[in-house]
Amino acid sequence: MSQPFLRIKNLEICVPGAGGKPRPIVQDIELTLEKGQVLALIGESGSGKTTIALSMMGYARSGCSFTKGSVVVDGTNMLDLTFEQRRHLRGNKIAYIPQSAAASFNPAFRLIDQITESARIHGTMTRPEAAAKARALFAELGLPDPDRIGERYPHEVSGGQLQRMIAAMAMLNDPALIILDEPTTALDVTTQIEVLRAFKRMVQNHHATAVYVSHDLAVVAQMADKIAVLKDGTLQEVDETGHLLSSPSAAYTRELLAAAEPHERAKLGDTSSIRPLVEVRDLNAGYGAIKNNTATFPIVHDVSFDIAPGEIVGVIGESGSGKSTLARVLAGIHPASKGRMTIEGEDIGLQGKARSKERRQAVQMVFQMADTALNPAQTIHQLLRRPLDFYDIGDKSRRDARVFELMDLVQIPRSAAGRRPGELSGGQKQRVNLARAVAAEPKLLLCDEVTSALDTIVASSVLNLLTDLRHEFGLAMLFISHDLGTVSAICDQVMVMYRGRIVTKAAPQNLTHPPVSPYTEMLIRSVPQLRPGWLEEAEQGMPALREAVARL
Amino acid sequence: MNGKITELILKRIGVMFLTLWLVATLIFIASNLLPGDAATASLGQFATKETVEGLRSALGLDQPPLQRYFSWMAALVQGDAGISLVNKQPVIDQLLGRMSNTLFLAALTTAIAIPVALFIGVTSAIWRGSFYDRLVSGSSVLAMSTPEFMVATLIVFVFAVHLGWLPALANLNAASTLDLMKSLLMPVCVLVFIVVAQMARMIRAALISTLQSSYIEMSTLKGATRNRIVLRHAMPNALAPILNSTALALNSLLSGVVFVEIIFNYPGVARLMVDAVSTRDIPLVQACAMVFCSSYLILVTIADIFAIITNPRLRRGRAH
């Protein structure tokens with residue numbers, strides 16, 4: 001029997017732990033991959049998937065070291081090689097496509113010089129040959145103006161284009177093995193589908209052997225022949241893609257699959273007959289000086305909507321669509337150039353100077369990054385007590401008890417009251433962040449990408465909590481996200497934002513019903529689905545939609 | 001080059017002149033706070049009140065401060081720093097001779113210090129955490145915290161007094177080039193010692209923060225050699241912070257020059273300024289202070305302009 005192209009045996013990678021004793025972050029890894037196949041490594045943050053992928057290049061990040069096992073690529077154990085020998089393989093026989101092309105291109109040089117650099121390093125081609133090859137790859141990856149786009153600097157090219165250009169960089173020396181490390185995670189969903197398509201075509205055309213690292217099962221289902229599921233640095237299950245998705249054997253895989261399926265929460269139903277709690281009319285905002293009710297750089301245009309008591313209204317859109325600016329205006333952090341908002345009929349004031357304390361209390365914001373929103377020097381008790389004291393809520397003697405009630409509400413053990421945010425997990429921090437906002441007893445809660453930084457399973461529990469809160473307190477919520485699945489799962493109404501305007505407003509189940517804006521249609525079709533073959537189907541009719549969106 | 005970058009550079013230069021004006025005003029105020037004036041200083045403590053008053057009005061010291069400020073400022077803009085109160089010579093003439101001496105000392109120091117600091121900073125960043133790195137870091141902290149006058153006195157004691165190898169005083173009219181070099185060796189060494197430690201530490205820090213970027217990991221994974229990673233990928237991006245820290249370190253040279261010129265009796269601007277303070281020769285003090293402040297501002301401005309030019313974002317603007 002011939003050797004597989006890639007064979008990882010009993011791999012262990014350690015970091016220095018307490019007392020200088022090495023602590024394994026990855027252990028007992030056994031993987032094989034045949035030539036011309038795509039293997040996916042899937043898991044949540046900290047599962048060790050990138051660490052394993054990088055070991056195939058004989059590379060360990062600062063602090064990590066290989067302590068056991070072997071990583072044999074095409075007959076060579078990468079871990080036995082000297083630095084010089086590994087260097088000759090990197091960028092030549094084995095190539096890497098990183099998560100963020102924007103951060104991985106050197107800002108000081110033209111793209112073409114960086115893309116052809118590996119040919120110069122390894123002496124595989126002359127400079128003009130390499131440049132010609134790069135241009136051919138640009139064309140193959142569907143980049144606009146392939147003959148000249150390389151002359152630009154990284155900051156002059158969009159994120160989706162950069163990601164394709166870094167793929168061209170990886171392909172330059174015709175590598176035998178390509179490692180793709182979350183290559184589309186930083187992109188908007190409508191851009192992701194284009195890039196995925198380009199990557200898949202490239203892998204097929206070159207009969208490349210590839211390792212695809214991702215946290216997103218639906219994306220992986222489109223790309224991989226075989227999936228390896230990882231958790232806390234250990235292998236849970238390896239199986240052929242179709243089989244793993246239809247009949248997972250490990251409990252953790254089932255959990256992942258369940259979290260990926262949209263899990264509908266209880267909805268309010270029709271709210272059109274209820275008197276709205278929050279009314280926003282004709283809101284315009286932007287940056288720079290405000291003249292004649294218009295900002296120098298307008299971002300949000302003519303936004304109007306209502307929220308009923310206990311209703312969750314979702315806002316969805318890509319980065320730069322104005323979602324966060326909208327939330328900041330409603331929170332009173334950023335002045336509107338025009339428009340007004342009323343809560344229970346009372347004008348809350350969107351323009352001009354500071355709001356009164358009562359009005360600020362009525363609208364509370366939950367920020368995306370609990371890490372930066374919570375003061376790391378304060379204990380959980382201090383953090384939750386602060387809004388009670390600041391807004392003078394309830395009897396002074398009852399406030400400590402109220403803090404514990406709030407902790408119960410967000411399911412943080414009371415014993416954690418004396419701890420500081422740094423000692424909590426990501427999901428717990430986000431719960432505290434939520435409790436802090438709820439402590440002020442607001443009427444409207446603004447949630448800005450509150451689950452985006454969390455892993456799927458943790459995010460799901462935070463969503464459950466949000467749904468409980470609205471049922472219990474009749475809180476109105478504006479839920480901002482870039483993820484259609486999340487928004488559909490908990491929102492009663494969804495507003496789709498594109499270039500600062502609301503292009504579609506509908507209940508989630510009606511978003512697919514025409515007539516909707518072409519952007520909304522494109523957005524919905526771009527959301528990856530678990531079934532293999534979705535990518536090819538979704539691409540049908542996409543070009544026409546893209547043109548329609550460009551005309552918007 | 002585009003319009004935006006020209007605008008930024010012009011703005012930066014504008015800021016420099018504004019700062020210079022503020023500094024000039026502060027210097028004027030500060031020099032007027034010095035106790036006593038040239039009249040009392042040159043006549044001695046036994047002069048009568050009348051003779052002091054007479055000399056004061058002859059020197060124009062009896063005019064109101066605001067008026068003196070404006071006439072001083074107006075003359076300064078035209079390049080006239082006034083007449084020395086003590087030897088009645090134009091201040092500019094005295095300055096120019098001394099300035100070339102100080103510039104010679106500073107240029108010599110810079111020419112030696114920059115390559116040395118670059119070498120130390122870059123090598124310790126590459127071998128970060130090694131024994132070499134810790135040794136260099138430790139000694140540079142030691143060097144930075146040792147006062148320059150102590151270093152100067154110590155080496156004079158060892159090399160001039162004890163061993164007798166080098167002259168204790170700097171003599172610029174030495175008979176031969178060898179003698180000139182021998183007499184400059186100690187002053188230059190002291191200054192290099194002060195500047196290199198600070199500069200090397202800042203270069204190391206700037207380079208290390210650049211070496212942690214994603215594009216450096218990417219270049220490693222492209223198979224680049226270590227030299228290529230540091231010199232081609234990290235250096236251009238670390239250049240702006242390095243230049244800024246170099247400018248700051250060179251500014252500490254300006255304060256070091258005062259001690260060195262005094263201790264080695266070197267005929268430079270700093271020496272001139274100290275002498276002028278002791279004779280209460282206010283126009284000369286003001287002119288010397290302006291020289292020091294302008295050189296500081298010019299260095300910082302050059303570093304900033306360089307940072308603007310080397311940034312491709314600013315150089316090319318946004319394409320879309």
Side-chain angles (χ1 to χ4, degrees), chain A residues 50 53-54 56-63 83-111 113-124 149 151-158 161 166 169-170 172-173 175 179 181, chain B residues 1-2 4-5 8 122 124-130 133 204-244 306-320:
Chain A
T50 295
L54 288 174
M56 298 167 200
M57 303 184 88
Y59 179 79
R61 286 202 169 134
S62 164
F83 176 80
E84 208 41 32
Q85 287 168 323
R86 291 177 202 191
R87 192 179 71 68
H88 283 299
L89 295 176
R90 292 175 186 163
N92 192 8
K93 248 185 99 176
I94 310 171
Y96 181 70
I97 301 180
Q99 169 165 1
S100 167
S104 298
F105 272 121
N106 191 326
F109 299 109
R110 287 176 199 275
L111 288 160
D113 292 332
Q114 303 189 48
I115 289 165
T116 56
E117 192 188 9
S118 49
R120 258 170 290 140
I121 292 173
H122 300 290
T124 49
I149 194 166
E151 298 305 314
R152 300 197 193 160
Y153 281 87
H155 73 274
E156 298 172 327
V157 177
S158 77
Q161 290 170 355
I166 216 156
M169 180 159 94
L172 193 79
N173 283 333
I179 295 162
D181 189 359
Chain B
M1 281 286 184
N2 57 12
K4 185 166 176 187
I5 203 156
L8 270 171
V122 171
S124 55
I126 295 177
W127 294 302
R128 183 183 169 202
S130 65
D133 178 34
R204 176 181 177 273
L207 204 55
I208 281 178
S209 82
T210 312
L211 284 173
Q212 283 162 348
S213 346
S214 298
Y215 54 82
I216 296 300
E217 178 170 80
M218 190 65 231
S219 64
T220 312
L221 293 176
K222 262 155 84 176
T225 57
R226 208 169 250 157
N227 284 345
R228 191 184 186 95
I229 294 169
V230 173
L231 298 178
R232 203 176 142 68
H233 284 276
M235 260 317 220
N237 289 291
L239 212 53
I242 284 179
L243 259 152
N244 245 313
F306 199 82
I308 294 172
I309 294 173
T310 51
N311 185 340
R313 273 168 209 266
L314 295 174
R315 195 166 64 228
R316 308 242 311 172
R318 265 199 171 270
H320 47 155

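Naming convention: chains lettered A, B, ... in sequence-line order (proteins, then strands); numbering from 1 in each chain.
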For the atom pair CD1 (A:Ile121) and OG1 (B:Thr225), what is the distance rounded to the nearest 0.5 Å? 7.0 Å
Partners meeting side chain to side chain donor-acceptor pair (under 3.5 Å) with A:Glu117 (sequence neighbours left out): B:Lys222, B:Arg228, B:His233
Roughly how far, to the nearest 0.5 Å, is CZ of A:Arg87 from OG1 of B:Thr220? 11.0 Å
Of all residues at least two apart in sequence or in a different chain, which pass the side chain to side chain donor-acceptor pair (under 3.5 Å) check with B:Arg128? none
Per-residue contacts, residues 99-106 of chain A versus chain B, heavy atoms under 4.5 Å: A:Ala103, A:Ser104, A:Phe105, A:Asn106
Taking all heavy atoms of B:Asn237 and all of A:Ala108, pick out the closest pair and write down the distance. OD1-CB, 3.6 Å
Which atoms of B:Ser219 come close to chain A, meaning under 4.5 Å heavy atom to heavy atom: side chain ones, backbone ones, both, or neither? neither
Are there residues of residues 207-216 of chain B whose heavy atoms fall under 4.5 Å of chain A's heavy atoms? If so, which? B:Ser214, B:Tyr215
Bottom line for A:Arg120: the part with an atom under 4.5 Å from chain B's heavy atoms is side chain
Assess the side chains of A:Tyr59 and B:Glu217: does a donor N or O sit below 3.5 Å from an acceptor N or O? yes
At a 4.5 Å cut-off on heavy atoms, which part of A:Leu54 comes close to chain B: side chain, backbone, both, or neither? side chain
